[in-house]
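Encoded as structure tokens, the structure appears first; notes follow it.
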Amino acid sequence: CAVKPTRLRRAAYFRSLEKMSLSQLIEEAYEAFSSFHRPEFFTNRSCCPECEELSKKIEKCSLRNLETKHLGHPMYGSLCLLTTEAISYLFPRILEITLKGALDKNGEPFLNEYLGVLCVKKELKSNFQASQRGIVVKSLDYISKNMSSVVEAWCYQRDLEEACAIWNT
């Protein structure tokens with residue numbers, strides 16, 4: 001006796017497919033970025049007290065245990081304070097935190113930080129290999145398709161469009 005799928009079962013099935021593709025994307029990111037080695041320092045520590053504090057917070061954590069509380073100061077987005085080498089090493093975790101919908105210390109989506117660093121730190125693009133740039137493009141596609149309500153609610157459309165324009169070329 002075949003059971004006809006209900007609307008709820010179909011919705012659950014498609015949500016599981018989305019989660020599966022998200023987990024696949026995250027694991028692809030860890031694999032693609034595994035060539036980057038953990039830097040000794042994550043910021044130019046001599047720049048300012050904030051950079052030294054940020055670097056010390058991150059230095060204490062393993063890559064997979066890093067959380068938004070380690071990545072910033074409540075008054076400003078600190079991903080831009082990280083060196084290119086640090087962002088390259090941390091990128092899969094930053095991507096994971098973002099795509100799983102984490103909030104920063106101010107209760108705002110970490111997506112803002114992610115899009116900001118993709119738009120501001122343009123040297124990342126030349127630092128990344130083709131496969132790594134492909135992960136960035138896939139993440140932006142995922143955001144466009146699966147996080148559009150967050151993008152619209154927080155007015156991140158322009159940032160998403162700019163990031164797509166930079167990384168899709």
Compare every heavy atom of [Y] with every heavy atom of [X], then report the nearest pair and how far apart it is.
X	Y	value
Leu25	Ser139	CD2-CA, 4.0 Å
Leu79	Ile87	O-CD1, 3.5 Å
Asn106	Asp104	N-OD1, 2.8 Å
Pro39	Ala86	CG-CA, 3.9 Å
Cys61	Leu66	CB-CD1, 3.9 Å
Thr98	Met147	O-CE, 3.5 Å

Report whether [X] and [Y] are members of the same hydrophobic cluster (ILVMFWY, side-chain heavy atoms less than 4.5 Å apart, transitive linking).
X	Y	answer
Leu103	Trp154	no
Ile94	Phe41	no
Val120	Ile97	no

Between CD on residue Gln157 and OG on residue Ser144, distance to nearest 0.5 Å: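 Reported value, rounded in 0.5 Å steps: 10.5 Å.
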Which salt bridge (Lys or Arg N to Asp or Glu O under 4.0 Å) pairs, counting each pair once, include a residue from residues 145-169, with sequence neighbours left out?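 Sorted pair list: Asp141-Lys145.
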Please, which pairs that meet salt bridge (Lys or Arg N to Asp or Glu O under 4.0 Å) have at least one residue in residues 85-100, sequence neighbours excluded?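 Counting only pairs at least two positions apart or across chains, the salt bridge (Lys or Arg N to Asp or Glu O under 4.0 Å) contacts touching residues 85-100 are Arg93-Glu96, Glu96-Lys100.
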Tell me if a side-chain donor or acceptor on Trp167 pairs with a main-chain N or O of Leu118 at a distance below 3.5 Å.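 Yes; judged by distance alone, with no hydrogens or angles, the pair exists.
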More than 12 heavy atoms of other residues, nucleotides or ligands under 6.0 Å from CD of Glu31: yes or no?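 Not more than 12 within 6.0 Å, no.
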Within the 4.5 Å heavy-atom criterion, are [X] and [Y] side-chain neighbours or not?
X	Y	result
Leu90	Phe42	yes
Leu140	Leu160	yes
Leu115	Val151	no
Val117	Leu82	no

Non-neighbouring partners of Glu59 that pass salt bridge (Lys or Arg N to Asp or Glu O under 4.0 Å), sequence neighbours left out: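 Here the qualifying residues are Arg45.
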For Glu27, which residues count as a salt bridge (Lys or Arg N to Asp or Glu O under 4.0 Å) partner, sequence neighbours excluded?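 Glu27: salt bridge (Lys or Arg N to Asp or Glu O under 4.0 Å) contacts with Arg64.
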Test: ring-ring contact (aromatic ring centres under 6.0 Å, His included). Region: residues 97-125. Which pairs qualify, not counting sequence neighbours?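 The answer is Phe91-Tyr114.
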Any pair counted as side chain to side chain donor-acceptor pair (under 3.5 Å), so long as it reaches residues 120-138, sequence neighbours left out: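 Applying side chain to side chain donor-acceptor pair (under 3.5 Å) to every pair that reaches into residues 120-138, excluding sequence neighbours, yields Glu28-Lys138, Ser35-Gln132, Thr84-Glu123, Ser88-Asn127, Lys125-Thr169.
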